[in-house]
Amino acid sequence: MKSAKGKGPTKKGTREALKPVDDRKLGKRKAPVKADKSSKKLTKKEKAVKKDPNKPKRPPSAFFVFLEEFRKVYKQEHPNVKAVSAVGKAGGEKWKSLSDAEKAPFEAKAAKRKADYEKQISAYNKKQESMADDGEEESDRSKSEVNDDEEDSEEVSNLNFANWLLKLFLKINDM
């Protein structure tokens, strides 16, 4: 009988020696604890509700600035091609073939858009900080109503809108 190399002895006695000595330590498997509604994770839809539509969009990179112009030219030259992937591949190949001097105007436009974005985002952040300062004056009861986990995401967004509208109204009356 041939034995495999490196496997060691295959006697039953050695298998028994490998078993744990104290079987009492091994317990029965417990059923998983079901999560409460208050500790459940947020779904994608609930996370998407929290995005602020007033927040400025990030600026495009130099490649995407180039791609904006390239799409127009490509559509005129190839009117039958409808696939977005074809335009993207052709644009990527063209971008790789451009020299640094040819890329410079697109990089300049991207830098200008980035500078504009930084101005907009700083103004947005200042506005958010001022709204957060106003929000600290809210009562604890209204905060718990807005942050209640058992409410639907639609009801939460309606409450957020109502609170925002109330803050706006109070600001106008204070002027």
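The side chain to side chain contact (heavy atoms under 4.5 Å, CB included) check on K89 picks up nothing, with sequence neighbours excluded. Contacts of E118 classified as side chain to side chain contact (heavy atoms under 4.5 Å, CB included), with partners at least two apart in sequence or in another chain: K114. A search for side chain to side chain contact (heavy atoms under 4.5 Å, CB included) contacts involving S99 returns A101, E102, not counting sequence neighbours. In this structure, the salt bridge (Lys or Arg N to Asp or Glu O under 4.0 Å) partners of E69, at least two apart in sequence or on a different chain, are K109.
Residues A110 and P60 come closest through the heavy atom pair CB-O, 3.8 Å. Residues P79 and Q76 approach most closely at CD-O, 3.8 Å, considering heavy atoms.
Alongside F63, the hydrophobic cluster contains F64, V65, F66, L67, F70, Y74, V81, V87, W95, L98, F106 (criterion: ILVMFWY side chains under 4.5 Å). Residue Y124 shares its hydrophobic cluster (ILVMFWY side chains chained together at separations under 4.5 Å) with Y117, I121.
Here NZ of K75 is found 7.0 Å from NZ of K82. Values are rounded to the nearest 0.5 Å.
The salt bridge (Lys or Arg N to Asp or Glu O under 4.0 Å) contacts involving residues 58-68 comprise E68-R113, where partners must be two or more places apart or lie in separate chains.
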